[in-house]
Amino acid sequence: MIRPELPENECNRQLAVDKYQLIDTLPEESYDNITDLMAYICDVPISLVTLLDRDRNFFKSYYGVPFTETTRDLSFCGHAINSDDLLTVVEDSRLDERFHDNPLVLENNIVFYAGAALVNPEGYKLGMLCVYDTKPRTLSEEQKKALLAMAKQVTMLMEQRYQNILLNELQDKLKKRNEDLEKFARVVSHDLKSPLANIISLTELLEDENQGNLNEESQQYLDYLKSSSYSLKNYVDGLLKYYKSDELTNHTVENIVVQDLYDELKKVSNPEKSVVFHLESNATALEANKSALMHVLINLVSNSIKYNSKPKTEITINISENESDYTFSVQDNGDGIPEKFIDKIFNLFTIVGIEDKYGNIGTGIGLASVKKIVDHLGGDIKVTSTLGVGSTFLFTISKK
């Protein structure tokens, strides 16, 4: 018996094996299907997918044997990966000086061996797709081609696994980075609220105490300071709402009477009762997250009111349902949205740059929060709009 030597590139080859994270993993159907198929095609009792580890030959898939590994210095595959050929065939191990007194031959009656190398894209031989028999034999050309072809399929499965590993690692990094950004935004936004409130109150106090004593230029500076402070306050409040929107989606689903939802929405968003509302619904009750749903509707209705310069503001709420979703629309007769912003309106910090009827410019956070909540609720949101005619926001939430 001759024990197999380690390849010259063994260190890098072992690193290549390790990166697929397959050693000591449980059987998988995708690999087992291949060993079952090769046992049938080659008409042999044993078929294996092996990976050459540091001191052992691990069987990722095994057909016809009750164990999952052998020692590397006894393995046929240990010799096969040193071959320059992709396919190694030993027709009768009893006549081969490398194996004739090998315990696998003497005790397990392994006589025939054929192995196709598992070569990764970097050229490293990771292991073998191999078949065994207890009697001497040969393989036909078709069987050899099948063995080589299926070995490529095994390496493709391994590559897919590796790409999934990389993708999961990237997702974990992005998730951690997003969590850090959210934490930073919350802390900064919270810490800014108190000094901002002080600036606003002191500015208003300064203006009241010096009423009529300020020249035109000083008054302009003071007005600019007030407007800038309020704009920054709106950004801070918007950021806090944006990151708190995740908490809204954690609320439990509850039964909601549509009429009650409609009445509450009118009361909260239109305390002055200056808006004409219409409700159209084929549903009398909903099973939904009320807190999240109300946040979305109030935001959309508030925008419909703020961006409407017409003498009479009208808003129509439409609610419908099918087997899988609830569909809501908020339609207004407002000023409309410029076409160039339609595809960007739900992006964070995207602003149209048009003042509302109270003289304020939006922060680009409210609709981003709306989309974030709708996405969490398993739905989708879109908008259609015509300048001077009005806008319609249509969104769905999943019943699941």
Side-chain angles (χ1 to χ4, degrees), residues 3-39 41-42 44 46-88 104 110 113-132 146-180:
R3 299 182 186 277
E5 296 182 358
L6 296 178
E8 293 181 359
N9 64 353
E10 176 59 18
C11 182
N12 290 331
R13 191 205 68 83
Q14 183 64 56
L15 290 174
V17 171
D18 291 341
K19 81 175 187 179
Y20 294 98
Q21 300 179 22
L22 278 167
I23 300 297
D24 292 327
T25 57
L26 295 174
E28 297 178 45
E29 184 179 5
S30 54
Y31 295 95
D32 291 344
N33 288 339
I34 292 176
T35 51
D36 290 355
L37 181 62
M38 291 317 305
I41 291 175
C42 296
V44 293
I46 300 171
S47 177
L48 307 172
V49 170
T50 73
L51 295 171
L52 270 294
D53 198 14
R54 290 165 177 79
D55 57 359
R56 58 178 171 158
N57 193 17
F58 171 71
F59 305 161
K60 174 56 186 172
S61 177
Y62 47 95
Y63 176 91
V65 295
F67 43 89
T68 61
E69 62 181 62
T70 60
T71 58
R72 181 168 174 172
D73 59 0
L74 296 180
S75 70
F76 284 63
C77 297
H79 287 280
I81 66 166
N82 288 321
S83 172
D84 292 333
D85 298 324
L86 292 178
L87 182 65
T88 300
L104 295 175
I110 298 299
Y113 169 86
L118 305 177
V119 184
N120 78 346
E122 288 74 39
Y124 294 110
K125 293 182 178 179
L126 311 173
M128 310 293 289
L129 171 62
C130 49
V131 294
Y132 297 83
L147 198 58
L148 289 168
M150 296 312 294
K152 291 181 180 180
Q153 291 300 311
V154 172
T155 55
M156 287 178 62
L157 288 174
M158 295 173 67
E159 279 301 309
Q160 288 175 1
R161 174 185 176 84
Y162 180 59
Q163 294 303 318
N164 286 336
I165 290 171
L166 294 180
L167 181 60
N168 288 334
E169 289 177 351
L170 178 60
Q171 288 176 334
D172 289 341
K173 289 180 181 178
L174 290 175
K175 182 180 178 181
K176 178 64 168 58
R177 181 175 297 179
N178 188 55
E179 289 173 350
D180 290 342

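No hydrogens, no waters, no symmetry mates; every other heavy atom, side chains included, goes into these values.
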Item to check | Criterion side chain to side chain contact (heavy atoms under 4.5 Å, CB included) on E69 and N57, from CA distance to verdict | outcome: CA-CA 5 Å; E69 62 181 62; N57 193 17; 5.9 Å; no

Considering only heavy atoms from C-beta outward, does the side chain of [X] approach that of [Y] to under 4.5 Å?
X    : Y    : answer
Y124 : L126 : yes
R161 : T25  : yes
L147 : L129 : yes
C130 : S47  : no
L166 : L170 : no

Next on the checklist: Between L118 and V49, does the side chain to side chain contact (heavy atoms under 4.5 Å, CB included) criterion hold? Intermediate values first, please.
Outcome noted: CA-CA 9 Å; L118 305 177; V49 170; 4.2 Å; yes

Next on the checklist: Using a strict threshold of under 4.0 Å (side-chain N to carboxylate O), is an ion pair present between D32 and K60?
Outcome noted: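 Looking at K60 and D32, the cut-off is not met.
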
Checklist entry - Quick one: do R72 and E10 make a salt bridge, cutoff under 4.0 Å? => result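 Looking at E10 together with R72, the answer is yes, because their closest N to O distance falls below 4.0 Å.
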
Checklist entry - Yes or no on side chain to side chain contact (heavy atoms under 4.5 Å, CB included) for I110 and I46, after CA distance, side-chain angles and deciding distance? => result CA-CA 10 Å; I110 298 299; I46 300 171; 4.0 Å; yes

Output the distance between atom [atom1] ([X]) and atom [atom2] ([Y]), rounded to the nearest 0.5 Å.
X    : Y    : atom1 : atom2 : answer
L148 : L86  : CG    : CG    : 6.5 Å
L48  : L51  : CG    : CG    : 11.0 Å
M38  : Q153 : CE    : CD    : 11.5 Å
L104 : S75  : CG    : OG    : 8.0 Å
K175 : N168 : NZ    : CG    : 11.5 Å
Y113 : M128 : OH    : CE    : 4.0 Å

Next on the checklist: Quick one: does any side-chain atom of T50 pair with a main-chain N or O of F58 as donor and acceptor, under 3.5 Å?
Outcome noted: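 Flag not set: sc T50 to bb F58 has no pair under 3.5 Å.
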
Next on the checklist: Does atom CD (Q171) have a neighbourhood of more than 12 heavy atoms from anything else shown, all under 6.0 Å?
Outcome noted: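 Above 12, so yes.
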
Next on the checklist: Counting only heavy atoms not in F59 (residues, nucleotides, ligands), do more than 12 fall under 6.0 Å from its CZ?
Outcome noted: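 Check passes, neighbour count above 12.
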
Item to check | Worked verdict on D24 versus R56 for salt bridge (charged side-chain N to carboxylate O under 4.0 Å, His left out) | outcome: CA-CA 11 Å; D24 292 327; R56 58 178 171 158; 2.8 Å; yes

Next on the checklist: What I want to check is whether the side chains of S61 and T35 have a donor and an acceptor closer together than 3.5 Å.
Outcome noted: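 Yes.
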
Next on the checklist: Students often mix this up, so state it plainly: with edges at 30° and 60°, are the rings of F76 and Y132 parallel, tilted or perpendicular?
Outcome noted: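 Ring orientation of F76 relative to Y132: perpendicular.
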
Name each donor-acceptor pair under 3.5 Å that joins a side chain in residues 14-23 to protein atoms two or more places apart or in another chain, with its distance.
residue	atom	partner	partner atom	Å
Q14	OE1	R54	N	3.2
Q14	NE2	D18	OD1	3.0
Q14	NE2	D53	OD1	2.9
D18	OD1	R54	NH1	3.4
D18	OD2	R54	NH2	2.7
K19	NZ	E122	OE1	3.3
Y20	OH	N120	ND2	3.4
Y20	OH	E159	OE2	2.3

